[in-house]
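Scroll down for the structure; my scribbles are underneath it.
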Amino acid sequence: MIDVRLFRNDADRVRAALARRGKPDIIEQLDRAIALDVRAREISTERDNIRAKVNELSKKVGQARRDGDSAAADEAQAASRALGDDETRLAAQADEVHEQLREVLLRIPNLPHPDAPDGAGDHDNPLVKGPLQMPAEFAAHQRVPHWDAAAELGILDNDRATKIAASMFTMQRGAGAALARALCQLALDRNADAFEEVRPPTMVSTATLTATGHLPKFADDAYAIERDGLWMIPTAEVPLTSMYAGEILDEAQMPLRLMAYTPCYRREAGSAGRDTRGMLRSHEFDKVEILALATPEQAPALLHELVERAEKTIASLELPYRIIEICTGDMGQSHHRSFDIEVYAPGCDSWLEVSSVSWFSDYQARRADIRFRRTGQKGTEFANTLNGSALAVPRVWAAIVENHRQADGSVVIPAALRPYMRGLERIAP
RNA sequence: GGAACGGUGGCAGAGCGGACAAAUGCAGCCGCCUUGAAAGCGGCCGGCUCGCAAGGGCCCGGGGGUUCAAAUCCCUCCCGUUCCGCCA
């Protein structure tokens with residue numbers, strides 16, 4: 001969440017920054033938060049003054065008892081008891097206002113970075129690089145949607161996935177399953193030089209899902225295990241970000257770099273019925289995520305590093321791609337600045353989002369309470385968090401099947417993946 | 001799932017109604033001493049929050065309660081350890 005001090009000190013600046021997101025209700029929420037914050041401080045001060053008196057009187061009672069002056073003790077005790085009702089009432093009020101403030105704050109999105117481009121929606125996202133590795137022309141055999149191409153090869157069996165689970169689940173078979181696994185291996189190996197591999201839980205607590213910004217606003221998008229108070233993770237970002245929740249890091253150990261392969265679970269509540277064919281959208285998919293906990297100074301360079309790492313992995317798969325920056329109107333709630341990498345899929349004739357890299361400033365760290373201490377200095381600051389998909393399997397899988405499809409219907413495996421596929425060079429029927 | 005015992009500062013570990021933000025040790029910081037270091041000596045050494053400041057409030061796993069006063073008593077939840085049960 002955003003820092004209350006930001007709008008206490010300069011409400012206009014915060015209002016202007018949030019206005020760039022183009023959602024009027026956000027400004028209403030902000031003004032509500034500002035009013036609640038003023039009220040909360042008033043009540044808290046009042047409550048604290050009464051508490052100070054009670055504490056003082058209580059000390060007097062103790063002292064008088066020790067001195068054997070029971071008359072003075074009784075008097076102070078009675079005086080303190082008289083303050084009890086006021087204290088109880090004010091404390092309840094203060095708690096209530098604080099809770100209201102928190103509820104509002106949790107729903108206010110992050111401030112966009114000054115360099116983030118203005119825009120109303122995804123059609124305004126500017127191209128920052130590419131298209132790269134784009135052939136002059138696609139052959140007719142590449143213009144076959146991957147669901148058809150894959151069915152021919154027997155590597156995708158969504159009908160049976162639907163039978164076993166529900167619609168919008170996918171199932172890869174044979175070389176298709178190996179391809180999905182190989183992509184994860186590749187992404188992990190390409191980043192193992194700088195990132196610690198983690199195998200985190202894929203079910204997490206409500207607090208954990210709140211820290212990254214997925215709750216309370218987006219509860220409908222996540223799978224809930226209500227009986228046990230747990231949620232299925234929508235991305236490894238969730239457990240990795242909260243690994244250091246409530247902890248204070250040393251500046252010397254930063255940036256902390258983590259990566260994880262995990263399955264990701266999404267209800268796709270807002271897009272049910274869309275992209276139902278093939279591998280474009282599903283309730284469960286595999287992804288390798290890379291993430292950093294950094295100081296504010298380290299963050300900009302890390303953002304570019306994460307983008308570059310994701311880009312290089314896509315490039316190694318010999319796929320046509322481009323990089324776009326997300327404009328203020330299309331940014332996620334927690335995002336400060338973000339970039340997407342899109343791969344062109346000739347069979348579907350569309351650009352598929354295969355990686356999203358974002359910088360969250362201290363927005364998530366504040367929710368998760370991840371702080372750091374500068375070397376030799378007192379006090380703590382909130383860390384900055386950044387993360388990105390090193391590789392999201394299904395759409396890359398689809399793009400490989402479409403781009404690398406040959407005239408005979410077989411699919412050539414990019415050289416970078418062959419070591420992970422027992423040397424397989426081509427998937428043939 | 002059942003039983004017992006626990007959860008206190010960076011770590012270890014006292015405290016078990018009042019003088020406790022909390023002994024003591026270790027680690028850390030500053031100074032003295034020293035050619036340098038170690039040892040020794042002296043001092044400092046948690047976080048959050050309100051306030052221009054003086055100063056105030058909160059935090060001893062979370063939440064609730066009893067009391068003039070709670071780390072300390074009661075309830076409840078969570079987590080840990082050990083034993084039993086079950087299990088890959």
Side-chain angles (χ1 to χ4, degrees), chain A residues 1-11 33-103 105 199-211 215 225-231 239 242-254 256 293 362 365-383:
Chain A
M1 60 197 132
I2 62 171
D3 186 355
V4 290
R5 266 168 299 206
L6 283 177
F7 59 68
R8 260 182 222 162
N9 297 338
D10 194 352
I34 292 171
L36 283 168
D37 177 54
V38 171
R39 178 109 182 87
R41 277 182 291 163
E42 282 168 6
I43 300 176
S44 301
T45 304
E46 231 179 304
R47 177 204 58 197
D48 287 353
N49 288 339
I50 292 185
R51 280 191 181 164
K53 277 182 208 150
V54 170
N55 287 342
E56 194 186 323
L57 286 165
S58 295
K59 277 193 182 121
K60 211 176 275 180
V61 174
Q63 189 60 48
R65 286 270 143 77
R66 260 170 271 119
D67 296 346
D69 187 349
S70 61
D74 289 345
E75 192 185 328
Q77 193 167 318
S80 180
R81 191 174 1 214
L83 294 170
D85 287 347
D86 282 348
E87 201 275 341
T88 307
R89 199 190 75 245
L90 285 165
Q93 272 181 35
D95 287 351
E96 198 190 319
V97 176
H98 274 116
E99 187 45 43
Q100 287 172 7
L101 176 60
R102 185 181 139 79
E103 285 293 323
L105 283 176
R199 204 349 295 223
T202 56
M203 292 161 73
V204 299
S205 68
T206 299
T208 297
L209 201 62
T210 304
L215 290 178
I225 317 287
E226 277 181 64
R227 185 162 68 162
D228 298 291
L230 293 168
W231 303 78
S242 284
M243 272 177 67
Y244 290 89
E247 301 190 28
I248 299 173
L249 307 169
D250 287 331
E251 185 184 12
Q253 67 186 122
M254 297 167 82
L256 236 53
L293 301 178
D362 62 1
R366 194 177 298 280
R367 287 168 163 249
D369 189 24
I370 305 166
R371 289 171 289 163
F372 74 99
R373 202 187 312 270
R374 291 188 189 274
T375 309
Q377 286 187 32
K378 285 180 73 81
T380 58
E381 285 175 51
F382 286 105

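Chain letters run A, B, ... following the sequence lines, proteins first and then strands; every chain starts at 1.
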Scan for side chain to side chain donor-acceptor pair (under 3.5 Å) pairs involving residues 71-83 of chain A, sequence neighbours excluded, and state none if there are none.
Arg65(A)-Asp74(A), Arg65(A)-Gln77(A)
Kindly give the heavy-atom pair with the smallest separation between Ala40(A) and Ser44(A), and that separation in Å.
O-OG, 2.6 Å
Among Arg366(A), Arg371(A), Arg367(A), which one satisfies salt bridge (Lys or Arg N to Asp or Glu O under 4.0 Å) with Asp369(A)?
Arg371(A)
Please give, in whole Å, the distance from A69(B) P to Arg66(A) CZ?
16 Å
Distance, rounded to the nearest Å, where Glu87(A) contributes CD and G57(B) contributes P:
12 Å
Report the base-pairing partner of A38(B) (Watson-Crick or G-U wobble, both distances below 3.5 angstrom), or none.
none
Enumerate all atom pairs, one protein N or O and one N or O from nucleotides 60-63 of chain B, separated by less than 3.5 Å.
none

For atom P, what is the distance between U8(B) and A23(B), given to the nearest Å?
16 Å
Taking any strand in view, what nucleotide pairs with C52(B) in a Watson-Crick or G-U wobble way, both distances under 3.5 Å?
none
Work out how far the C1' atom of G15(B) is from that of C52(B), and round it to whole angstrom.
39 Å
Roughly how many Å apart are G17(B) and U67(B), using the C1' atom of each and rounding to a whole number?
9 Å
Shortest non-hydrogen contact from Tyr244(A) toward Ile370(A)
O-CG1, 3.6 Å
Suppose you measure atom C1' in C59(B) against the same atom in A71(B); what distance do you get, rounded to whole Å?
11 Å
Using the P atom in both, what is the distance from G43(B) to U35(B), to the nearest Å?
25 Å
Can you check nucleotides 64-68 of chain B for protein contacts, nitrogen or oxygen pairs under 3.5 Å, and list what you find?
residue: C68(B); atom: OP1; partner: Arg81(A); partner atom: NH1; Å: 2.5
residue: C68(B); atom: O4'; partner: Gln77(A); partner atom: O; Å: 3.4
residue: C68(B); atom: O2'; partner: Ser58(A); partner atom: OG; Å: 3.2
residue: C68(B); atom: O2'; partner: Ser80(A); partner atom: OG; Å: 2.2

CZ-CD1 distance between Phe372(A) and Ile248(A), expressed to the nearest 0.5 angstrom
11.5 Å
Whole-Å gap separating P (A69(B)) and CG (Leu83(A))
10 Å
Could you tell me how far C77(B) sits from G1(B) if I compare only their P atoms? Round to whole Å.
12 Å
How close do Pro239(A) and Val204(A) get, counting heavy atoms only, and between which atoms?
CB-CG1, 4.4 Å
Pairing partner (Watson-Crick or G-U wobble, both distances under 3.5 angstrom) of C29(B):
G43(B)
Nearest heavy atom decides the nucleotide; on that basis, is Gln63(A) or Asn49(A) closer to the 5' end of RNA chain B?
Gln63(A)
Rounded to the nearest 0.5 Å, what's the gap from CZ on Arg374(A) to CG on Asp250(A)? Could you check?
13.0 Å
Can you tabulate the close N/O pairs, meaning under 3.5 Å, that link protein atoms to atoms of nucleotides 15-17 of chain B?
none

Partner nucleotide of G6(B) by Watson-Crick or wobble geometry (both distances under 3.5 Å)
C79(B)
Would you mind reading off the distance between Asn9(A) atom CG and G51(B) atom C1', rounded to a whole angstrom?
14 Å
Nearest-Å distance, CD1 (Ile50(A)) to C1' (C58(B))?
16 Å
side-chain N/O Asn55(A) vs G57(B) OP1/OP2, d < 4.0 Å:
yes
Would you say that Arg47(A) contacts Arg51(A) through its side chain, given a criterion of any heavy-atom pair below 4.5 Å between the two side chains?
yes
What N/O pairs connect the protein and nucleotides 45-50 of chain B at under 3.5 Å? Give each pair on its own line.
residue: G47(B); atom: OP1; partner: Arg373(A); partner atom: NH1; Å: 3.2
residue: G47(B); atom: O3'; partner: Arg371(A); partner atom: NH1; Å: 3.1
residue: G47(B); atom: O2'; partner: Arg371(A); partner atom: NH1; Å: 3.3
residue: C48(B); atom: OP1; partner: Thr380(A); partner atom: OG1; Å: 2.5
residue: C50(B); atom: OP1; partner: Arg8(A); partner atom: NH1; Å: 2.4
residue: C50(B); atom: OP1; partner: Arg8(A); partner atom: NH2; Å: 2.9

Rounded to the nearest 0.5 Å, what separation is found between the CG atom of Leu293(A) and the CE atom of Met243(A)?
8.5 Å
Without swapping roles, check the side chain of Asp3(A) against the backbone of Arg5(A) for a donor-acceptor pair under 3.5 Å.
yes
Rounded at 0.5 Å granularity, tell me how far CG in Leu83(A) sits from CD1 in Ile50(A).
6.5 Å
Is the side chain of Ser242(A) donor-acceptor paired with the backbone N or O of Ala245(A) at a distance under 3.5 Å, no angle test?
no
Check step by step if side chain to side chain contact (heavy atoms under 4.5 Å, CB included) holds for Glu42(A) and Gln93(A).
CA-CA 11 Å; Glu42(A) 282 168 6; Gln93(A) 272 181 35; over 6 Å; no
Between the CZ atom in Arg8(A) and the CD1 atom in Ile34(A), the distance rounded to the nearest 0.5 Å is 11.0 Å
Between the CE atom in Met203(A) and the OG1 atom in Thr208(A), the distance rounded to the nearest 0.5 Å is 12.5 Å
Could you run down nucleotides 70-78 of chain B 5' to 3' and tag each one B, S or - for protein heavy-atom contact under 4.0 Å?
---------
With both distances under 3.5 Å as the test, what is the Watson-Crick or G-U wobble partner of G1(B)?
C84(B)
Other residues, nucleotides and ligands only: do more than 12 of their heavy atoms fall within 6.0 Å of CZ on Arg102(A)?
no
Looking at Ala383(A) and Ala365(A), what are the two nearest heavy atoms and their distance?
O-CB, 3.1 Å
Write down the distance between CG (Leu90(A)) and P (G57(B)), rounded to a whole number of angstrom.
15 Å
A12(B) pairs with, by Watson-Crick or G-U criteria that keep both distances under 3.5 Å:
U24(B)
If I take atom CZ in residue Arg47(A) and atom C1' in nucleotide G57(B), what distance separates them, rounded to the nearest angstrom?
7 Å
Nucleotide opposite C68(B) in a Watson-Crick or G-U pair, distances under 3.5 Å
G18(B)
For U82(B) versus G13(B), give the span between their P atoms, rounded off to a whole number of Å.
16 Å
Neighbour count above 12 (heavy atom, 6.0 Å) for Glu226(A) CD
no
Using the C1' atom as the reference point in each nucleotide, state the distance between C16(B) and C73(B) in Å, no decimals.
9 Å
